[in-house]
Structures are given as C-alpha cells and as structure tokens.
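These numbers come from a predicted model, not from an experiment. Below, each value reflects all heavy atoms present in this structure, side chains not excepted, and no hydrogens, waters or symmetry copies.
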Amino acid sequence: MTSLVIRNSELLDCTGADPRAGMDVAVSESLVSGIGPGAGSSPDQVIDATGLTLMPGLTDAHVHMGLVSSAGDVGDLPWIDYVFTVRGVIENTLQEGFTTVRDAGGLDPHWARLVERGEIDGPRILPSGSVLSQTGGHGDLRHAHHHAHPRGSIPGLSATPEVVDGPDQVRRAAREQLRKGATQVKVFGSGGVLSPTDPFDSLQFSHEELRAAVEAATDWHTYVLAHCHTSDAIRRALAAGIRSIEHASILDEDAARRIVSSDAFAVVTLAVKYDLLENPERAGLTPSQLAKLQAVESEVGRSIEIMGETGVRVGSGSDIVGPLQDRRGRELPNKARFMGAAEAIATATRVNARIFYMEDRIGTVEVGKEADLILVEGRPLDEIGALADPDRIVAVIKGGRVYKDTQGRCSSA
C-alpha cells in the first residue's frame, strides 16, 4: 500500500467550514485516510505544504475537449494533428488543477478510457459523446446554402453532433451514445450563439423528443443535460425530466423556481462569453452572432442573481473551445463577481460533484473520499484569481498520485 502525507497546509476542505491552518492530510492508495495535525504515520512520500492552501481538485461540468478549432468544432486538421491537439488539451487541464471534468459534447468516449487506463495523464473524464440536435438546431452545422453535413463522427476518435428528428430517432441516438461509452446524454434545447442558422430564442426538440432522450438515459441509470439559454427552453426541458440545465443565460423567476422544484441544476458558463466579447474579430463572429452574444451578456448577471434569490443549485462550466483551452480556472473569478468567492469555489467542487452523482467520492476533502487535491499559492477565498493562474497551482494530486509538483515539495519519507 502506497501512502502520502501532506504536512502543514491551510486546509480549505470545501464542506462549508472555515479554512484551518497547520493541517496534515494523509492519503492511503487513492483515498484520504486521515485529516488533522499529525495525521499519517510512516508514509512513502511527504509534501511540505507550508504557506500553501490545500483544497479539493477543481471540476468543470461543461468542457469541449474535442472541439479544437476556433469555430468550436473538430476543424479540418489532419487527424494526426487532431489527436495530438486533443491530448494536449486533456493533459493541460489536469496541470491546471482540474481533476474531474464532464465533457458536454465533441469528445469520443474512448479518450476517457485512455485516461482511465493511464495512457494519458488527464482528469477523470465523464463523456457525453455526440450531442443530439434537431434539424436546423444548434448542432446542425450546415450553413443555409449547404445541403450536406460536415464530416461526421469517427468512432473511437471524434464525436460530431447527431442530427435527429422525432422521438424514435432521438431514442436511438441516445442509446447509441450510451453504447459507445457516454456517461450521460447531451441535447440542444434552444438556439445558440455560434450556430449558423437557428434563432437564439428558438425552442428545439419537442416535449416528446426530449422525453425520449430522458427515458433512454434513465433506463441506463443516468441523466440528460440540455443546452438552454432561455426560460421557455428551460421550462420545456424540465417538464421532460432533464436534470442539468446548461447556461441558463436569460432566466426568469418562474423558470428558476421550476429548476428548484424539479431537483435540477443550472450549470453557468461565463468564461466563453467574456472571451468572445473581448475579441469577436479573432473568433470570427458574424454580426448576427455578436448580436446574440451581446443579448446573452446583458441578461446573465440578473439571471445569476435570480438563481441566488430562489435557491437554484449552481454548477460551474467553462465551455471554452479551440486548440489551447487554457486557464479554465478563470471561470471562477468571473462567477465570483456575482456570487462571491466561497460560493464560486463551491460551484466547481461540491456542487459539480452532486451533478455528477459523485458527491460520495469527490468535491470535498474528507476521510474516505478520493485523494483529488491541489495545492495553491495564496488563499483562494481572499484572492480567487489564484485559481485562474496555472503557475499558482503548484501541486496536483489525482487518486493519490502526484501529477504536478512545480516547487519540488514532494519527497520520499
């Protein structure tokens, strides 16, 4: 049995307790086995965490690791270049302190298997495979003057959207993603900012179609997440039994209360919005796309306020795409502008863990949970920007194994 002790940290366990100074955390194999001064005896490795904050590994509930073109799709790179680019994105995500992520479409589930087998050093990946879209929906990537769809999925490599219509096609497509290894199913329930033809506020998929996806997922003992920017789309998704609402950018109080009464979650994604607004020319946004994005940005702050007032459980996702996908942690300072640092950190730790049905394994530092841990230079509650700076994430531990130690603090006992 391998063992590790992290000595003299300031522990931010993300249970809601205040940080505790001078704490030791013991790890046996892949699990936390002890917490407190003097925890752990005769370890194989010791990390001196003096002056650092120890906290759970961060999580991201809305990544697109397989969408490595600036346009937000698989692009037209030679496939060997695509492979190396995706691998780089996966490895960098772990180095930035994210130990579990939910891919919200575009990454073939086999990439998750490669990480699980240890062939790629990356975060634990919960893949959705191909997103389901109706004809003319957010996932229908054809321009109005095109008939043929762009290049499709390659099983084991890439997962482009599945365009389906009618409950039977939706049910079959959902089952196909689950067969390939998806851990949950993703659907588009409203228009989007970057899609070429659909109105932003369009409703996508009927109740019966959404219900077919939910039934297929429920039969597989999992759930559906739905891209929904508007309140009407949220109401339709919740009525069909969808559990995870993505974006929720333009939210009224009625829709918020329905999220709460449905025991569902809202995964707020801010980083991608601010990235695009900062440099719309670099992103190649058309005037129509920019107008849609500005409409979203003008409403999102009030939507988050409504979530807080009504008790919506808010998760965290970055939603960034492209070949770099770096500095995912900047999502948290963006959230902290609206909800404060402690709550923003909670969205990316214990709340996301509940969304993933993994609250018994990750999201907090407690005895018996996975030793998914990061050491941060500084105090994130006072300076949440530290989580957006990869250089200040000085150590990353996933499942008890040290994957990053930039300051050489880990030594053999």
- Does Ser303 reach the main-chain N or O of Ser249 with its side chain, forming a donor-acceptor pair under 3.5 Å? yes
- Atom pair CG (Asp108) and CG (Leu157), whose distance is rounded to the nearest 0.5 Å: 7.0 Å
- Message: If I take atom OG from residue Ser133 and atom CD from residue Glu162, how far apart are they, to the nearest 0.5 angstrom?
- Response: 10.5 Å
- Message: If you define the side chain from C-beta out and look only at heavy atoms, does anything of Leu58 sit under 4.5 Å from Ile374?
- Response: yes
- Query: Quick one: does Ser128's side chain have a donor or acceptor within less than 3.5 Å of a partner on Asp103's backbone?
  - Reply: yes
Identify all side-chain donor-acceptor contacts of residues 382-391 below 3.5 Å with residues at least two apart in sequence or on another chain.
from   : atom 1 : to     : atom 2 : distance (Å)
Glu383 : OE1    : Arg392 : NH2    : 3.0
Glu383 : OE2    : Arg392 : NH1    : 2.7
Asp389 : OD1    : Asp391 : N      : 3.0

- Pair Cys410-Val402, side chain to side chain contact (heavy atoms under 4.5 Å, CB included): steps then yes or no: CA-CA 8 Å; Cys410 183; Val402 179; 4.3 Å; yes
- Message: A side-chain contact here means heavy atoms from C-beta on lying under 4.5 Å apart; do Ile90 and Val101 qualify?
- Response: no
- Message: Please determine whether a side-chain nitrogen of the Lys or Arg among Glu96 and Arg330 lies less than 4.0 Å from a carboxylate oxygen of the Asp or Glu.
- Response: no
- Message: Any donor-acceptor pair under 3.5 Å linking the side-chain atoms of Arg102 with those of Thr183?
- Response: no
- Message: With a 3.5 Å distance limit and no angle check, can you tell me whether Ser262 reaches the backbone of Arg258 through a side-chain donor-acceptor pair?
- Response: yes
- With a 4.0 Å cut-off, would you call Lys369 and Glu366 a salt bridge? yes
- Does the side chain to side chain contact (heavy atoms under 4.5 Å, CB included) test come out yes or no for Leu251 and Thr230, once each step is laid out? CA-CA 6 Å; Leu251 182 72; Thr230 64; over 6 Å; no
- Query: Just wondering, do Ile397 and Leu4 contact through their side chains at under 4.5 Å, heavy atoms?
  - Reply: yes
- Message: Run Glu10 and Arg20 through salt bridge (charged side-chain N to carboxylate O under 4.0 Å, His left out) and show every step you take.
- Response: CA-CA 5 Å; Glu10 179 164 297; Arg20 292 173 283 169; over 6 Å; no
- Atom CD1 of Ile242 and atom SG of Cys228: how far apart are they, to the nearest 0.5 Å? 6.0 Å
- State the OG-CD1 distance between Ser190 and Ile234, to the nearest 0.5 angstrom. 8.0 Å
- Going by heavy atoms in the side chains, are Phe84 and Ile80 under 4.5 Å from each other? yes
- Query: Among side-chain atoms of Ser153 and Ser130, is any donor-acceptor pair under 3.5 angstrom?
  - Reply: yes
- Message: Would the distance check show the side chain of Lys186 and the main-chain N or O of Gly105 forming a donor-acceptor pair, the cut-off being under 3.5 Å?
- Response: no
- What pairs of residues pass the ring pair (Phe, Tyr, Trp, His ring centres under 6.0 Å) test when at least one of them lies in residues 347-371, not counting sequence neighbours? Tyr223-Tyr357
- Ser3 (side chain) donor-acceptor with Ser28 (main chain) under 3.5 angstrom: no
- Ion pair Arg235/Asp232, N-O distance below 4.0 Å: yes
- Query: Between the side chains of Asn8 and Thr50, is a donor N or O closer than 3.5 angstrom to an acceptor N or O?
  - Reply: yes
- Would you find more than 12 non-hydrogen atoms of other residues, nucleotides or ligands less than 6.0 Å from Arg379 atom CZ? no
- Message: Looking at every non-hydrogen atom in both residues, tell me the closest pair between Gly363 and Cys14 and how far apart they are.
- Response: O-CB, 3.8 Å
- Query: Roughly how far apart are Ile362 CD1 and Asn352 CG, rounded to 0.5 Å?
  - Reply: 8.0 Å
- Query: With sequence neighbours left out, which residue pairs that include part of residues 196-218 fulfil the ring pair (Phe, Tyr, Trp, His ring centres under 6.0 Å) condition?
  - Reply: Phe200-His229
- Message: With no hydrogens and no angle check, just 3.5 Å: does a side-chain donor-acceptor pair link Asp140 and Gln134?
- Response: no
- Verify whether one side chain among His247 and Thr269 offers a donor that lies under 3.5 Å from an acceptor in the other. yes
- Query: Atom CZ of Arg7 and atom CG of Asp24: how far apart are they, to the nearest 0.5 Å?
  - Reply: 4.5 Å
- Task: Would you mind checking if Asp405 and Arg409 are paired as a salt bridge, meaning a charged N to carboxylate O distance below 4.0 Å?
- Result: no
Could you tabulate the donor-acceptor pairs under 3.5 Å formed by side-chain atoms of residues 167-175, not counting sequence neighbours?
from   : atom 1 : to     : atom 2 : distance (Å)
Asp168 : OD1    : Arg171 : NH1    : 3.2
Gln169 : OE1    : Asp165 : N      : 2.8

- Is there a side chain to side chain contact (heavy atoms under 4.5 Å, CB included) between Ser244 and Val267 once you walk through the steps? CA-CA 7 Å; Ser244 182; Val267 176; 3.7 Å; yes
- Evaluate the salt bridge (charged side-chain N to carboxylate O under 4.0 Å, His left out) criterion for residues Glu299 and Arg302: first the C-alpha distance (whole Å), next the side-chain angles of each, then the deciding distance (0.1 Å), finally the verdict. CA-CA 6 Å; Glu299 298 284 347; Arg302 177 55 187 152; over 6 Å; no
- Verdict with supporting geometry, Asp121 and Lys398, salt bridge (charged side-chain N to carboxylate O under 4.0 Å, His left out): CA-CA 10 Å; Asp121 290 344; Lys398 188 188 81 169; over 6 Å; no
- Query: Does some side-chain heavy atom of Val187 sit less than 4.5 Å from a side-chain heavy atom of Leu210?
  - Reply: yes
- Report yes if some heavy atom in the side chain of Leu12 is under 4.5 Å from a heavy atom in the side chain of Leu381; otherwise report no. yes
- Under 3.5 Å, is there a donor-acceptor pair between the Gln184 and Thr222 side chains? no
- Task: Just do the side chain to side chain contact (heavy atoms under 4.5 Å, CB included) check on Arg313 and Met307 with the steps written out, would you?
- Result: CA-CA 8 Å; Arg313 294 177 295 178; Met307 292 177 198; over 6 Å; no
- Note on the structure: Smallest heavy-atom separation, Val68 atom then Gln325 atom, equals CG1-NE2, 4.3 Å
- Task: Indicate yes or no: at least one non-hydrogen side-chain atom of His64 is less than 4.5 angstrom from one of Asp319.
- Result: yes
- Message: Tell me whether Glu176 is salt-bridged to Arg179, with the criterion being a basic N under 4.0 Å from an acidic carboxylate O.
- Response: yes
- Message: For a quick check under 3.5 Å, do Gln95 and Thr93 share a side-chain donor-acceptor pair by atom type?
- Response: no
- Message: Using salt bridge (charged side-chain N to carboxylate O under 4.0 Å, His left out), reason through Asp372 and Arg361 one step at a time and then give a plain yes or no.
- Response: CA-CA 9 Å; Asp372 290 359; Arg361 295 180 56 194; over 6 Å; no
- Item | Distance-only donor-acceptor check, side chains Arg328 and Ser318, under 3.5 Å | yes
- Which residues satisfy the ring-ring contact (aromatic ring centres under 6.0 Å, His included) test with Phe188, sequence neighbours excluded? His138, His227
- Do Leu332 and Thr347 have side-chain heavy atoms sitting under 4.5 Å apart? yes
- Any chance the side chains of Asp13 and Thr15 put a donor and an acceptor closer than 3.5 Å? yes
Per-pair distances, 0.1 Å, donor-acceptor, side chain in residues 335-342, under 3.5 Å, sequence neighbours excluded:
from   : atom 1 : to     : atom 2 : distance (Å)
Lys335 : NZ     : Val268 : O      : 2.7
Lys335 : NZ     : Ser316 : OG     : 3.2
Lys335 : NZ     : Glu331 : OE2    : 2.3

